[in-house]
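Residues take their numbers from the sequence shown, with the count starting at 1.
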Amino acid sequence: ALPILFMVNRTVVSSALKFGFETEEEKNGQPVIETKTISNMNGLASDEDFQAVAGEIAPLYNKVPDVVYRVDTVALEAA
């Protein structure tokens, strides 16, 4: 039987920009990643806007991030 598909409305509740910096430390042979999070970002901003903001903020940490994440929390409601 085919699954029944429902229409869903997606609403961004909150967004954050998260940086990952590889440290000199290792745990179980894997590098330890230190993270820094900037909350209260505009969830309607584009990914390109997030990347631009990351480019402006990253130098304030005096190191280059190994990874930059966009973290969105969304509410899903039946349409």
Exercise for the section: With the side chain counted from C-beta on, respond yes when Val71 and Thr37 share a heavy-atom pair under 4.5 Å apart, and no when they do not. Expected result: no
Handout entry: Spacing of Lys36 atom NZ and Lys63 atom NZ [to the nearest 0.5 Å]
Key =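 Going from NZ on Lys36 over to NZ on Lys63, the span is 6.5 Å.
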Handout entry: Nearest heavy atoms of Ser39 and Ala16, plus distance in Å
Key =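 Where Ser39 meets Ala16 most closely, the heavy atoms are CA-CB, 4.1 Å.
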Exercise for the section: Would you name the heavy atoms of Arg70 and Ser15 that are closest together and state the gap between them? Expected result: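 Heavy-atom minimum between the residues: NH2-OG, 4.3 Å.
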Handout entry: Remaining members of the apolar cluster that contains Val74, side-chain heavy atoms under 4.5 Å
Key =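 Hydrophobic cluster check, Val74: joined to Val8, Val12, Leu76.
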Test of understanding: clusters of I, L, V, M, F, W, Y form through side-chain heavy atoms closer than 4.5 Å, transitively. Do [X] and [Y] belong to the same one?
X	Y	result
Tyr61	Val67	no
Phe50	Ile57	yes
Tyr69	Leu17	no

Run the side-chain donor-acceptor check on residues 19-27: report pairs under 3.5 Å with partners two or more places apart or on a different chain.
unit_1: Thr23; atom_1: OG1; unit_2: Glu25; atom_2: N; d: 3.3
unit_1: Thr23; atom_1: OG1; unit_2: Val32; atom_2: O; d: 2.9

Handout entry: Within 6.0 Å of CG in Asn9, more than 12 heavy atoms from elsewhere
Key = yes
